[in-house]
Amino acid sequence: MLSPNRCLNCNEPLHGRAGKKFCDDQCRATYHNQHKRPYEEAIKRLNAQLRKNRTILKTLCPLGKATVRKEVLENMGFSFRHFSSLYGKPGKTYFLCYDYGYMPIVEQSSTSGEPVQKVLIIQQQEYMKDFDPWKFEL
């Protein structure tokens with residue numbers, strides 16, 4: 001058990017004001033990093049994936065609009081399960097990762113006639129920022 005006048009992180013004696021819990025800023029930061037709530041780690045992982053998704057979309061869409069095969073995004077580590085918001089109008093739903101978005105599409109292969117899963121990538125436009133989900137229709 002830690003003494004009330006010892007650092008909560010390293011157990012070194014504390015000097016200075018009454019009620020002090022840590023000997024220095026490094027011990028305070030280390031202690032709090034080790035005692036984060038589990039949901040904070042989940043949020044950190046989710047934000048990392050959203051940033052990765054956005055980076056991939058931006059890389060593949062340097063001019064504001066592009067179409068690529070679904071597997072290209074998957075091979076780069078894109079997660080279709082994670083997006084930050086939606087934009088839609090009848091028949092079209094865009095899944096946004098911050099300021100870049102995508103819409104799944106299926107096109108027929110010009111050589112085999114088989115369906116090919118692709119993704120239409122767009123950069124968010126000003127009019128998309130006023131999206132109202134109560135006016136959205138599938």
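- At a threshold of 4.5 Å between non-hydrogen side-chain atoms, the residues Asn47 and Arg45 do not count as touching.
- Put simply, SG on Cys23 and CZ on Arg6 are 11.0 Å apart, with the number rounded to the nearest 0.5 Å.
- In this structure, NZ on Lys20 lies 9.0 Å from SG on Cys7, to the nearest 0.5 angstrom.
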What do the steps show when you test Lys92 against Met103 for side-chain contact (heavy atoms from CB on, under 4.5 Å), and what is the final call?
CA-CA 7 Å; Lys92 293 183 179 183; Met103 180 176 62; 3.8 Å; yes
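- The shortest heavy-atom contact between Phe22 and Leu14 is C-CD2, 3.4 Å.
- Surrounding CD of Gln26 are at most 12 heavy atoms belonging to other residues, nucleotides or ligands under 6.0 Å away.
- Listed for the Gln117 side chain is no donor-acceptor partner under 3.5 Å among the backbone atoms of Val106.
- A 4.5 Å side-chain heavy-atom check between Val119 and Thr67 finds every atom pair outside the cut-off.
- Considering all non-hydrogen atoms of both residues, Tyr94 and Leu120 come closest at OH-CD2, 3.8 Å.
- Formation of a donor-acceptor pair under 3.5 Å by the Asn53 side chain with backbone atoms of His82 is found in this model.
- Listed here is the closest heavy atom pair of Cys61 and Ala66: SG-N, 3.9 Å.
- Residues Leu86 and Ile121 are members of one and the same hydrophobic cluster, defined by side-chain heavy-atom contacts under 4.5 angstrom among Ile, Leu, Val, Met, Phe, Trp and Tyr.
- Between Gln108 and Val116, every side-chain heavy-atom pair lies at or beyond the 4.5 Å cut-off.
- The distance from the CZ atom of Arg51 to the CD atom of Gln49 is 10.5 Å, given to the nearest 0.5 Å.
- Ser85 places none of its side-chain heavy atoms less than 4.5 Å from the side chain of Tyr98.
- By the 6.0 Å contact criterion, CD on Glu74 is enclosed, its count of non-hydrogen atoms from other residues, nucleotides or ligands being greater than 12.
- Ring orientation note: the planes of Tyr102 and Phe78 are nearly perpendicular, at an angle over 60° on the 30°/60° scale.
- In this structure, Gln124 and Leu96 have side chains that are in contact, with non-hydrogen atoms separated by less than 4.5 Å.
- The distance from the CZ atom of Phe83 to the CG atom of Leu50 is 9.5 Å, given to the nearest 0.5 Å.
- Looking at Tyr100 and Phe95, their side chains never come closer than 4.5 Å, going by heavy atoms from C-beta outward.
- Between the CG atom in Asp130 and the CD atom in Gln125 there is a gap of 13.0 Å [rounded to 0.5 Å].
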Step by step, would you call Ile105 with Glu107 a side-chain contact (heavy atoms from CB on, under 4.5 Å)?
CA-CA 7 Å; Ile105 58 175; Glu107 293 181 351; 3.7 Å; yes
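- Taking CG from Leu60 and CE from Met76, the interatomic distance works out to 4.5 Å, rounded to the nearest 0.5 Å.
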